[in-house]
Amino acid sequence: MLDLWYSEKWSEDTKFSIKIKEHLYSEQTPFQKIDFFISNEYGRFFTLDGFIMITEKDEFFYHEMITHVPMCTNLNIKKVLVIGGGDGGTVRELTRYSSIEKIDMVEIDERVVRLSQKYLPFTADKLSDSRVTLIFDDGLKFVKNCKNEKYDLIIVDSTDPISVGEGLFTQKFYEDCYRILKTDGILVNQHESPYHENYAKEMKKAHDKIKDIFPISKVYQFHQPTYASGHWLFGFASKKYDPVIDCDTISWNKLGIKTRYYNTDIQKACFALPNYVKKRLGY
Ligand code: SAM
């Protein structure tokens with residue numbers, strides 16, 4: 001029998017492949033192509049337009065780091081807006097805080113949510129939490145039209161700046177996020193990889209825009225074995241709090257949240273960047 005492999009292009013001359021047991025499902029939605037696979041090494045995983053979004057084995061790296069870093073910075077966060085995040089992993093981590101009262105999730109493609117609920121219950125099972133409101137809309141349009149709501153935290157859990165995700169990397173989008181955040185609000189966003197040129201270019205563009213708008217703007221790093229190069233970044237921008245100086249590690253540890261990747265040593269260490277990354281960011 002022939003081996004079946006999933007392959008993804010990471011740069012002009014680099015590909016990453018996973019041996020697959022089964023191609024579970026495929027669908028072209030009005031927004032993107034969705035595929036679900038099963039593999040021995042990574043368990044279940046899903047892709048959008050030929051790029052891995054999450055795998056069962058390493059999704060917790062991403063979802064813990066996108067959530068607990070801002071939460072430890074301000075433990076009084078009550079109202080959160082998630083943009084994208086259709087697999088539900090970010091919402092799952094947020095629901096672990098009993099202090100959070102409201103989570104609005106704006107996802108452009110309802111099919112990602114419905115199919116994740118079917119095929120990826122390990123990330124999607126908290127989307128039915130009573131504090132969660134699902135809104136199926138373009139995040140760019142949502143923040144533009146958002147007039148009365150004010151959020152403590154916005155998490156942009158988006159695809160890359162191509163196709164439907166492009167608007168979530170624009171100056172206008174970041175300005176609207178700033179406007180709908182409270183006076184001590186925090187924005188965290190998927191910030192691409194510093195390693196391959198094609199991704200690093202987008203990282204720098206996003207950082208330059210955000211630092212023009214927010215008084216505090218940093219990037220932090222984490223490993224993601226199934227994303228291009230395995231080295232990935234999130235952006236942290238805030239109107240008031242510095243994630244290294246103002247984080248409340250003692251109180252966070254008292255909450256007793258059991259994590260598999262994040263800890264409060266990483267809260268501080270993840271903001272220390274390699275020299276080549278600083279150079280690529282223009283520091
Ligand atoms: N961890 C992932 C990664 O970076 O590879 C991101 C996962 S999450 C599945 C990304 C989600 O963002 C997708 O479900 C996609 O439909 C959604 N998305 C992309 N552009 C969007 C937009 N303009 N508004 C709202 N959601 C969007």
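What you see below is based on every heavy atom in this structure, not just the backbone, and it leaves out hydrogens, waters and symmetry mates. Throughout, numbering of the chain's residues begins at 1 and tracks the sequence. Both ligands and their constituent atoms are indexed starting at 1 by order of listing.
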Would you list the atom pairs, donor with acceptor, under 3.5 Å between side chains in residues 156-166 and any protein atom, with sequence neighbours excluded?
residue, atom, partner, partner atom, Å
Asp157, OD1, Tyr62, OH, 2.6
Asp157, OD2, Thr90, OG1, 2.8
Asp160, OD1, Gln190, NE2, 3.4

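- Partners of Lys172 by salt bridge (charged side-chain N to carboxylate O under 4.0 Å, His left out), not counting sequence neighbours, listed by chain and number: Asp176.
- Enumerated by chain and number, the residues approaching ligand 1 to less than 4.0 Å through a heavy atom are Gln32, Phe46, Leu48, Ile52, Met53, Tyr62, Gly84, Gly85, Gly86, Asp87, Val106, Glu107, Ile108, Asp109, Val112, Asp137, Asp138, Gly139, Asp157, Ser158, Thr159, Val164, Gly165, Leu168, Gln190, Tyr227.
- Residue pairs meeting the salt bridge (Lys or Arg N to Asp or Glu O under 4.0 Å) criterion with at least one partner in residues 213-238, sequence neighbours excluded, are Lys218-Asp242.
- Closest heavy-atom contact between Pro70 and Tyr220: CD-OH, 4.0 Å.
- A centroid separation of 6.0 Å or more is found between the aromatic rings of Tyr227 and Trp10.
- The distance from the CD atom of Gln224 to the CG atom of Asp58 is 4.5 Å, given to the nearest 0.5 Å.
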